[in-house]
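In what follows, a single structure is set out as structure tokens and then discussed.
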Amino acid sequence: MAGAVVDLFPDAKPTIGPSIDPVGFYYDFFVENPFTQEDIDKIQKRVEEVIQKNSEFVRDEMSLADAIKYYEEVDKNKFKVEILKETEADKVSFYSHGEGNFKDLCRGPHVPFAGRIKAIKILNASSAFWRADADRESLQRVYGVALSNEKQLKKHLAMLEEAKKRDHRILGSQLDLFGTADEWGPGMPLIYPKGAIILDTLKDFWKKEHRKAGYELVQTPHIYKENVWQTSGHTEYFLEHMFPVDMRGEQWYVKPMNCPGHMMIYNRKAYSYRELPVRFGEMGTVYRYELSGALHGLFRVRSITQDDAHIFMLPDQLEDEIVRVIELVEHFYKVFGFQKWEYFLSTKPEKSIGTDEGWEHATNSLMRAIERTDLPYKVKEGDGAFYGPKIDVDVMDALGRKWQLATIQVDFNLPERFDTNYIGEDSQKHKPFVIHRTIFGAMERFLAIIVENYAGKMPVWLSPVQVEVIPITDQHIEYAKSVVEDLLKVGIRAEADLSGDRMEYKIRQATINKVPYIINVGDKEIESKTIAVRSRGNKVEFEVKIPDFIDKVIKQIENYE
RNA sequence: GCCUCGGUAACUCAGUGGUAGAGUGAUUGACUUGUAAUCAAUUAGUCGAGGGUUCAAUUCCCUUCCGAGGCUCCA
């Protein structure tokens, strides 16, 4: 593909072009003018021509010095020179094909003939920064997929289509869950009644499980005076992300994090070492001024409800506490039917605070904790926060996409800043270890993820409307109402569709709204005191006794199905 | 914040240098129906905002806001 681009745009300077997981590739070019849709179509055509010709890819080797010389003098490509200067190999390989005089630095291996690529699609172009650094040159990235046959390509494109259909922004408006608009502020979603039911159900679940796990639930204000943020260091390090509040000359800030509140609650009294660990949990909504280009539906918003918790403990309790958090994570994710999730341990970065002993103890405790759970994990060297090491969890959804949800972070910074202590056995003050953790990550984003993961078909326990009751004619309205009442009484979310439309139309509407159970009632049902139940998959069961149906649904709700 | 592409009715979208249309929805009426769309009528918009060119701008140009796809960042 790079060859095609250079054929069409002689001034384009290829930089790097790796393949991406699980399929596809991209290539970054330095060009004067960004690619347009027309350019993409041209590139697609040219690529197809190259494949048609089925020319051979030839591998050449060159010494590193010659290669640098080639890119400095012949090809004048400073990006390649930069890459080459960083390699340690003394010989590098080039690939070229019979068409044109394009050759490219490539470690290989490579397909032997262009014709081996049976199906290719150049998808889109966008900008990217050289070396992912916003201060460096802006490049044009061209995305594409190549597969060994047309059928697989179609399948892949169908998957992309499916992902589009599952887009929570589309499902969100179809299912009347939430809305975003610039009128009231970008990144500030309004959660509509049906979306709120899902969120509330998730929150109730979260609260129940956290109380069981020994957490104390707290509540903290949304804004504080400036001095709190000076103590926490936010005004120094996080100011550009914070919403300021000018209280008639006095400076306040809306909270971008829940931590300060929890620290202050801890500091209200002198905790004894016998009382630790102390665990504070809160569904706290924080506000962060995210860059406008980063906003995306409910995935990236500026009003963020975190399922936050801070745990204060003795140093030797750290390992046990991490194990407990991991167990909670495992329990939560199993409920939502995710296929797979991965743990990452991030260690000390270059810039950090805290003592070496502290880092070592904390990092080892995190590592030992994961190892005790027998879960596989990977280490990200130097990727920790400046205030402590952390464990992140990436969850894979039904379409194989990964989302970072849970994070468990040790914090050396806040206990110092807030002068947080416990009284030890020696009746002296000591600094507790503090971890900050979330499991869902952010409720808005978690809602978006499960909407996409379930393709809008929420399991019964999360469905905003669990049962839609549809009378066949107006003569059956009274019975429909009484059925709804029976269901509401036992806590099932039911409603009757009493509009003037035909029954078939109502069934269609309820199906589109992805209601798990659609109940029809007519003369037959009234006579036998039963209901006709249509469940997902369009199976209809007649003469179902109401108590039997209630038992079944209640059981599903209790089992988080 | 950076690059490309967009912004027309509640939603999806068509369209034009002479102030706009379709489908869906919503409302009303008729129909009273047995498992995925009954029929009819009504309702529809500062054509994102500001400025410029023009006799005339929704259309062309500029600015700005917002959105989409990426990058960066991140829960």
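Letters go in sequence order (proteins before strands), and every chain restarts at 1.
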Does R300(A) contact rC73(B) through a side-chain donor or acceptor facing the base, at a distance under 3.5 Å? yes
Under 4.0 angstrom, heavy atoms only, what part of the nucleic acid is F542(A) near: base, sugar-phosphate, or nothing? base
Is any side-chain heavy atom of M257(A) less than 4.5 Å from a side-chain heavy atom of C259(A)? yes
At 4.0 Å (heavy atoms only), tell me whether V301(A) reaches a base, stays on the sugar-phosphate, or touches nothing. base
Whether R437(A) side chain and A406(A) backbone form a donor-acceptor pair below 3.5 Å: no
Which part of the nucleic acid does A532(A) contact within heavy-atom distance under 4.0 Å: base, sugar-phosphate only, or nothing? base
Please determine whether a side-chain nitrogen or oxygen atom of R445(A) lies at a distance below 4.0 Å from atom OP1 or OP2 of rC74(B). no
Side-chain N or O of H296(A) closer than 4.0 Å to phosphate OP1/OP2 of rC74(B): no
Check whether the side chain of R502(A) and the base of rU38(B) form a donor-acceptor pair under 3.5 Å. no
Mind checking N538(A) for me? I need base, sugar-phosphate or nothing, with any heavy atom below 4.0 Å counting as a touch. base
Ignoring backbone atoms, test whether Y505(A) places a side-chain nitrogen or oxygen under 4.0 Å from the OP1 or OP2 oxygen of rU24(B). no
By the 4.0 Å heavy-atom rule, please label E240(A) as base, sugar-phosphate, or nothing. nothing
Between D167(A) and V540(A), just flag the one whose closest nucleotide in RNA chain B comes earlier from the 5' side. V540(A)
Can you classify the ring geometry of H436(A) versus H310(A) as parallel (below 30°), tilted (30 to 60°) or perpendicular (above 60°)? perpendicular
So, does the side chain of E290(A) form a donor-acceptor pair with the base of rA75(B) at under 3.5 Å? yes
With a 4.0 Å cut-off on heavy atoms, is Q174(A) in touch with a base, just the backbone sugar-phosphate, or nothing at all? nothing
Measure the shortest side-chain to side-chain distance between M443(A) and L447(A) over non-hydrogen atoms and say whether it is less than 4.5 angstrom. no
Applying side chain to side chain contact (heavy atoms under 4.5 Å, CB included), run through Y224(A) and Y253(A) and close with a yes or a no. CA-CA 6 Å; Y224(A) 297 112; Y253(A) 286 98; over 6 Å; no
Do the side chain of D308(A) and the base of rA75(B) come within less than 3.5 angstrom through a donor-acceptor pair of N or O atoms? no
OP1, OP2 of rA68(B) versus side-chain N and O of R169(A): anything below 4.0 Å? yes
Determine whether any donor atom in the side chain of Q509(A) lies under 3.5 Å from an acceptor atom in the base of rG25(B), or the reverse, and answer yes or no. no
Nearest-nucleotide comparison on RNA chain B, the residue closer to the 5′ end among L405(A) and N520(A): N520(A)
Does R302(A) place a side-chain N or O at less than 4.0 Å from the phosphate oxygens OP1/OP2 of rA75(B)? no
